[in-house]
There are 2 protein chains.
Amino acid sequence: MKYTITDLSKKFDLPASTIRYYEKIGLLENVEHINSRRSYDDSHVDRLNAIECFKKALLPLDEIRLFFTYEKDMASNADKILDMMKDQEAKTLDAIDALQAGLTHLKKKIRFYSLVSESVKNNSPLPKWEDVNP
Amino acid sequence: MKYTITDLSKKFDLPASTIRYYEKIGLLENVEHINSRRSYDDSHVDRLNAIECFKKALLPLDEIRLFFTYEKDMASNADKILDMMKDQEAKTLDAIDALQAGLTHLKKKIRFYSLVSESVKNNSPLPKWEDVNP
DNA sequence: ATACAACTTGAAGTTAACTTTAACTCAAGT
DNA sequence: ACTTGAGTTAAAGTTAACTTCAAGTTGTAT
């Protein structure tokens, strides 16, 4: 199956400029140019799927590219890939922990300012932070 | 209690340049300058604590600053603050979801490349992705 | 034939959140 | 008095991941 850049743009909800950028930095390879237009196939769809997954794990684009070069000779590079993935797993877990702490903080603020808002509507005394979040 | 910039730098594990930067962009206010040196007090410690919490929730610095200005008249601004926090709560939850999806992807890669690594050591045939992660 | 939309290129611009640099001041210790 | 180390400033530089721009080309519809 063949795809234009607009096909992929829609499929992955990425601007065409981003897809060209990924090619430029070596994340997308072997892109055919037919009539001076880019033409992609399913290998590129797979690549973009993988890229999106890695991006969700916060892997930087140059690490993603490194992964793809390792992957070409995965027998020799399995251990390097494993290190990379385990490293990133730890970072991703840390990021989740930080987000969860942040979320807890937000929830406290939401609880407190809900009461503040209520008090204002009722002309009643404002709550104190320590009373709401002891 | 009074603190030098180095005290805060150590306490929050932030470079002094970052603390100066936060003052410059209005996140830290009313910093005394004694003998042309910055001198902080507990209100600044509280501020930095709050900033760190919001940063964990991915709130951008200019939103954090906006929060602090709203907070000065919290009775009038409770609803604005609530909107802001609820908005950010949704974004933070989305970010957690994305990270968890990313984590799942990493774990699959780790499973697969562990087997690849084993196979290489045993001179046995390499696994297939579909067999490992069906 | 002509207009138009979609695509092309390389280069420059954008954004957030810092970081670095250069040149300077100041107080304390030897 | 002199050195050292911590702090000061404004301005410029950095990084990642794009995005925008200007100028040109191509295929299709009228």
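Proteins come first, then strands; the chains are lettered A, B, ... in the order of their sequence lines, and each starts at number 1. These numbers come from a predicted model, not from an experiment.
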Item to check | Pair B:Lys11 + B:Asp7: basic N to acidic O under 4.0 Å | outcome: no

Checklist entry - Are any non-hydrogen side-chain atoms of A:Leu27 and A:Phe68 less than 4.5 angstrom apart? => result yes

Next on the checklist: Please report the distance, rounded to the nearest Å, between CD1 in B:Ile25 and C1' in D:dA11.
Outcome noted: 17 Å

Item to check | Chi angles and distances behind the side chain to side chain donor-acceptor pair (under 3.5 Å) call for B:Lys121, B:Ser117 | outcome: CA-CA 6 Å; B:Lys121 276 176 202 120; B:Ser117 179; 3.1 Å; yes

Checklist outcome for this item: A:Lys55 NZ to D:dA16 C1', in whole Å, measures 12 Å

Next on the checklist: Please list, in numerical order, the residues of residues 57-71 of chain B that have a heavy atom closer than 4.0 Å to any atom of DNA chain D.
Outcome noted: none

Checklist entry - Hey, are the side chains of B:Val120 and B:Leu126 touching, using non-hydrogen atoms and a 4.5 Å cut-off? => result yes

Checklist entry - Rounded to whole angstroms, how far apart are NE2 on B:His33 and C1' on D:dT9? => result 11 Å

Item to check | Any side-chain donor near an acceptor of the partner, B:Ser76 and B:Asp73, under 3.5 Å | outcome: yes

Next on the checklist: Rounded to whole Å, how long is the line connecting atom NZ of A:Lys2 with atom P of C:dC7?
Outcome noted: 17 Å

Checklist entry - Do B:Ile19 and B:Tyr40 come close enough that some side-chain heavy atom pair is under 4.5 Å? => result yes

Checklist entry - Just how far, in rounded Å, is C1' of D:dA17 from CG of A:Leu27? => result 11 Å

Next on the checklist: With a 4.0 Å cutoff (strictly under), does any side-chain N or O of A:Tyr22 reach OP1 or OP2 of D:dA17?
Outcome noted: no

Next on the checklist: Between A:Phe54 and B:His105, is the ring centroid distance below 6.0 Å?
Outcome noted: yes

Checklist entry - Taking atom C1' of C:dT9 as reference, at what distance in whole Å does atom CD1 of A:Ile19 sit? => result 17 Å

Checklist entry - When you match B:Glu23 and A:Leu14 each to their closest nucleotide on DNA chain D, which lands nearer the 5' end? => result B:Glu23

Next on the checklist: I need the CG-C1' distance between A:Asp7 and C:dC7, as an integer number of Å.
Outcome noted: 13 Å

Item to check | Side-chain (A:Ser9) to main-chain (A:Leu14) donor-acceptor, under 3.5 angstrom | outcome: yes

Checklist outcome for this item: Counting primed atoms, P, OP1 and OP2 as sugar-phosphate and everything else as base, the B/S/- map of nucleotides 19-30 of chain D against protein heavy atoms under 4.0 Å is BB----BBS---

Item to check | Heavy-atom donor-acceptor pair, B:Asp41 side chain to B:Ser43 backbone, under 3.5 Å | outcome: yes

Next on the checklist: Expressed as a whole number of angstroms, how long is the span from A:Leu28:CG to D:dC18:P?
Outcome noted: 12 Å

